[in-house]
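What follows is a set of notes on a single structure, which appears directly below.
Basis for what follows: all heavy atoms, side chains included, without hydrogens, waters or symmetry-related copies.
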Amino acid sequence: MLTTACTAGHRDAPLTASSPSASVATTDLAGLRGAPAERKRLFEAQERAIAACMARRGWPYQPVAWQPADGDVTAARGLARGDDIPLHHRLGYGVTTVGTSKPADPNERYTASLSSRRQERYSAALFGTPAHRLDARLPTGEVTFVYTDGCTAQAEEGLYGDLEKWLVADTTVVNLPAEVENRVRAARELAATEKPWSACMASHGFRFSSPDDARNRIARAASGQRTTPRTDVERMRQREISQATVDATCDRAVGRSRVARLLISRETRRIVGDRTPEISAYQTAVRQALSTLPRH
């Protein structure tokens, strides 16, 4: 998660239903990255380019399949729909109620068959080497990097052009939701909902200092359940759903997610304004990349 600094002397506008800052954000941060179909085309084109690059270097590589995110699971883990009782009754917090394993990488079996030395060479061909490190400073002040001699970086450069500019733009846009969430979590308006939420939870027999405390305890308990009998895993799942449902009920009662949505709207507008150059660079690079791909 990225960290952000507050501007000295800045005062937030009141979060009221009539305030322009409180209206639903018109900018969908996920939408800034393009339509799912476009993202899939670009992902698959990059995977094909990686495979071609690896083949030129004498290594096999099978393109990885596109895997879109599950919107409901993402929502169950986020702030905006913490008061969605049916969602949390179905998915809990998205800890034990959904699959945790990612689809198998088709290249894992091949790399596992290689000797340690050949695995290192394969990784160097795919991801590059430290001697060819390219650093790029993000608008947050953090530094990200890529190894330019790897097939992964070269595939991106072939699609999007200048690698440093793309690295800054892509990393910035991908992390926008995290930046917004960090700002929202730091807001005093959201912090003011914790005590009434905690009191509501206690009235139902759940004692937690905050919603994060409640979720973290489930996550810690679940981490110790990975190799336990199926009955214990199911018991953990039911515990998560029961707690998350009460959590959502108390969230709705005290208006926590209602406040969060207003804050998300406000901070989304601010972050989009703050990151306009990077967003513009990202969208320009994506448009140019799409224009080079064959139409289906």
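- Between Ala221 and Met236, the shortest heavy-atom contact is CB-SD, 3.8 Å.
- Every residue meeting the side chain to side chain contact (heavy atoms under 4.5 Å, CB included) condition with Glu120, not counting sequence neighbours, appears here in chain and number order: Arg117.
- Legend: residues meeting side chain to side chain contact (heavy atoms under 4.5 Å, CB included) with Glu38, ordered by chain and number and at least two apart, are Ala35, Leu290.
- With sequence neighbours left out, the salt bridge (Lys or Arg N to Asp or Glu O under 4.0 Å) criterion links Arg217 to Asp213.
- Hydrophobic cluster of Phe145: the remaining members, joined at side-chain heavy-atom separations below 4.5 Å, are Tyr147, listed by chain and number.
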Kindly list each side-chain donor-acceptor pair under 3.5 angstrom involving residues 157-168, sequence neighbours excluded, with atom names and distances?
residue	atom	partner	partner atom	Å
Asp162	OD1	Glu164	N	3.1
Asp162	OD1	Lys165	N	2.9
Trp166	NE1	Glu156	OE2	3.0

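- Across Ser257 and Ala80, no two heavy atoms sit closer than the pair CB-O, 3.9 Å.
- The closest donor-acceptor contact from the side chain of Gln46 to the backbone of Ala155 lies at 3.5 Å or more, if one exists at all.
- Among residues two or more places apart in sequence or in another chain, the salt bridge (Lys or Arg N to Asp or Glu O under 4.0 Å) test is passed with Asp149 by none.
- For CZ of Arg133, the number of neighbouring non-hydrogen atoms (other residues, nucleotides, ligands) closer than 6.0 Å is greater than 12.
- Taking Ile, Leu, Val, Met, Phe, Trp and Tyr as members and joining any whose side-chain heavy atoms lie under 4.5 Å apart, directly or through other members, Val143 forms no hydrophobic cluster with any other residue.
- The minimum heavy-atom distance linking Pro211 with Arg256 is given by the pair CG-NE, 3.3 Å.
- Pairs passing the disulfide (SG to SG under 2.5 Å) check and including a residue from residues 147-182, sequence neighbours excluded, read Cys53-Cys151.
- One finds no salt bridge joining Asp135 and Arg137 here, because no Lys/Arg side-chain nitrogen approaches an Asp/Glu carboxylate oxygen to under 4.0 Å.
- Not counting sequence neighbours, the partners of Phe43 by the ring pair (Phe, Tyr, Trp, His ring centres under 6.0 Å) test are Trp66.
- In this structure, Thr140 OG1 and Glu179 CD are separated by 6.0 Å, a value rounded to the nearest 0.5 Å.
- Every pair tested for ring-ring contact (aromatic ring centres under 6.0 Å, His included) that includes a residue from residues 172-204 fails, sequence neighbours excluded, so the list is empty.
- Counting all heavy atoms, side chain and backbone alike, Glu194 lies closest to Ser209 at OE1-O, 4.2 Å.
- Every residue two or more places apart in sequence or in another chain was checked for a ring pair (Phe, Tyr, Trp, His ring centres under 6.0 Å) with Tyr61, and none qualifies.
- Taking 4.0 Å as the cut-off between side-chain N and carboxylate O, Glu234 and Arg237 count as a salt-bridged pair.
- When every heavy atom of Arg207 is checked against every heavy atom of Ala202, the shortest pair comes out as NH1-CB, 3.7 Å.
- Not a single side-chain hydrogen bond (donor to acceptor under 3.5 Å, both in side chains) links Asp170 to another residue, sequence neighbours left out.
- What you find for Ile218 and Gln243 is that their closest heavy atoms are CG1-NE2, 3.5 Å.
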